[in-house]
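Everything below concerns the one structure shown next.
Note that the structure is a prediction, hence the values are computed from the model and not measured. Atoms within a ligand are numbered from 1 in the order they appear, just like the ligands themselves.
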Amino acid sequence: MVELRNPFTPTFGIVPPFMAGRSHLIDDILRALDSGPGDPNLSTMFIGARGTGKTALLSYLATEALGHGWIAVSVAATPGMLEDIYEQTCEVAAEYVDREDLPRIKGMSLGRILSVEWESPRPDEGNWRTRMTRLLKALEAYEIGVLFTVDEVSASSDEMIAFASTYQMLVREGRRVGLLMAGLPHQVSGLLRNESVSFLRRSVQHSLGNIPDQEIAFALQRTVEGGGRHVDDDALNIMVSAVGGFPYMMQLVGFRAWGIEPDSPSITPRAAQQGVELARGDMEQRVFAPTYYELSEGDLRYLRAMLKDEGVSRTSDIARRMGVTSNYASQYRLRLVEQGVVGERGRGKVAIELPYFKEYLKKRLND
Ligand SMILES: Nc1ncnc2c1ncn2[C@@H]1O[C@H](COP(=O)(O)OP(=O)(O)OP(=O)(O)O)[C@@H](O)[C@H]1O
Ligand SMILES: [Mg+2]
């Protein structure tokens, strides 16, 4: 028997074969693409800690956009992003204009689009905004919109800020444009504090939190079955409770459990259990250790003061254990919340966000 290919994708930036949760967000965006300029969801910011699936979501939406008459131009907020956006817009248009499965785009050649763009004696004439506008106008003649996706937004990227202000102009002019952004919580809040892009504060903001267990169970099962095997109910329960709603962990657990007895027609509870153990090791090495090294002394003191509690901690207890005032402790709480390590649980209560990070901290901090 030929060994079946492992369908799980425990690699950052890869769109999984089956997306767990997120269907409301996806629907909002796709609906916005159909309704066009004026829909508030056309400017959306996804905010989430490492491994919550920001890049996968942007890539997924970029691919889906095509079927709705939009080409997607995807960049990260790094130096050179403006030129990158311009060049990609030309290239992506070239790649898709003649595809049969895109009714609205069908039948038009890139030559026609670009001839408008190149009509002026010197095609590269004008600044970025003029060149981009010329291209957008040419595309609009065929009702093609351009969806920009900007990953890893950062407060310190000058080009991101320049892009955001130009984008605002394009929106005001009623151009067929959309902007999906994604970033870590502290980067996003830094960017939104910048006065020159204050209009971004009005973008729709979604926090990519933990995914409910039933949706994880459904996605695990669909992924396994899509790969040609089955998963026992007991095995599924073991896997779901180890995932804790965290997308990257879902891929690790699925990948490892699949690999224990790859020739067996189904994933057994024994394989699930062993897979979970291996996946925890992967998490430590690839997520916990790098996260731990980014924490300051003060952050670690705050976290150490949380370890005594089961689940949720009271912020007043934490301050008392640290031997500092609540005000002083709250500056570390805010930092940890922005880093996605700690999450608020109602007034005056917090918990550690990443599944099993607490166990990892106990090992590191109590040694
Ligand atoms: N909705 C989802 N359901 C299941 N798995 C997912 C989902 N979204 C992402 N993943 C998987 O989770 C992992 C992390 O995804 P991704 O790289 O998109 O995270 P990220 O938020 O961009 O992380 P980083 O902040 O490090 O860039 C990948 O293995 C991806 O395949
Ligand atoms: Mg990413």
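Closest to atom 3 (N) of ligand 1, if we only count protein heavy atoms, is Ala20 N, 2.9 Å. From the protein, the heavy atom lying nearest to atom 18 (O) of ligand 1 is Ala56 N, 2.7 Å. Ranking protein heavy atoms by distance to atom 13 (C) of ligand 1, first place goes to Tyr248 CD1, 3.6 Å. Protein heavy atom nearest atom 30 (C) of ligand 1, with residue, atom name and distance: Ile14 O, 3.2 Å. Closest to atom 19 (O) of ligand 1, if we only count protein heavy atoms, is Gly53 N, 3.2 Å. Protein heavy atom nearest atom 22 (O) of ligand 1, with residue, atom name and distance: Thr55 OG1, 2.8 Å. From the protein, the heavy atom lying nearest to atom 10 (N) of ligand 1 is Pro247 CB, 3.8 Å. Atom 11 (C) of ligand 1 has its closest protein heavy atom at Gln251 CG, 3.6 Å.
The shortest non-hydrogen separation linking Ile47 to Leu184 is CG2-C, 4.5 Å. Taking both residues in full, the closest heavy atoms of Leu61 and Leu147 are given as O-CD2, 4.4 Å, listed atom of the first, atom of the second, then distance. The minimum heavy-atom distance between Thr223 and Phe18, with the atom names listed, is OG1-CB, 3.7 Å.
Polar contact check, Met250 against ligand 1: no nitrogen or oxygen pair lies under 3.5 Å apart. Not one N or O of Met19 is nearer than 3.5 Å to an N or O of ligand 1, by distance alone. Note: an N/O pair closer than 3.5 Å links Lys54 and ligand 1 by distance alone. By the 3.5 Å distance cut-off applied to N or O atoms, Gly51 is counted among the residues near ligand 1.
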Task: Intermediate values then yes/no, side-chain contact (heavy atoms from CB on, under 4.5 Å), Leu4 and Trp258 - done: CA-CA 10 Å; Leu4 294 167; Trp258 178 285; 3.9 Å; yes

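In this structure, Val231 and Met239 have side chains that are in contact, with non-hydrogen atoms separated by less than 4.5 Å.
Note that CZ of Arg364 is 9.0 Å distant from CG of Leu300, once rounded to the nearest 0.5 Å. To the nearest 0.5 Å, atoms OH (Tyr360) and CZ (Phe288) are separated by 8.5 Å. A distance of 6.5 Å separates CD in Gln168 from CZ in Arg202, rounded to the nearest 0.5 Å. Here the straight-line distance linking atom OH of Tyr302 with atom OG of Ser330 works out to 8.0 Å at 0.5 Å rounding.
Contacts with ligand 1 closer than 4.0 Å are made by heavy atoms of both the backbone and the side chain of Arg50. Contact annotation: for Thr11 versus ligand 1, heavy atoms closer than 4.0 Å belong to the backbone alone. Residue contacts with ligand 1, taken as heavy atom pairs separated by less than 4.0 Å, do not involve Ala219 at all. Of all the heavy atoms of Ala182, none lies under 4.0 Å from any atom of ligand 1, so neither backbone nor side chain is involved.
Nearest-heavy-atom check against atom 29 (O) of ligand 1 across Leu252, Ile211, Thr9 picks out Thr9.
For the side chain to side chain contact (heavy atoms under 4.5 Å, CB included) test with Leu58, the passing option among Val15, Thr63, Asp151 is Asp151; the others fail.
Neither Val188 nor Leu334 shares a network with the other; the hydrophobic side chains, linked directly or stepwise wherever heavy atoms of I, L, V, M, F, W or Y lie under 4.5 Å apart, form separate groups for each.
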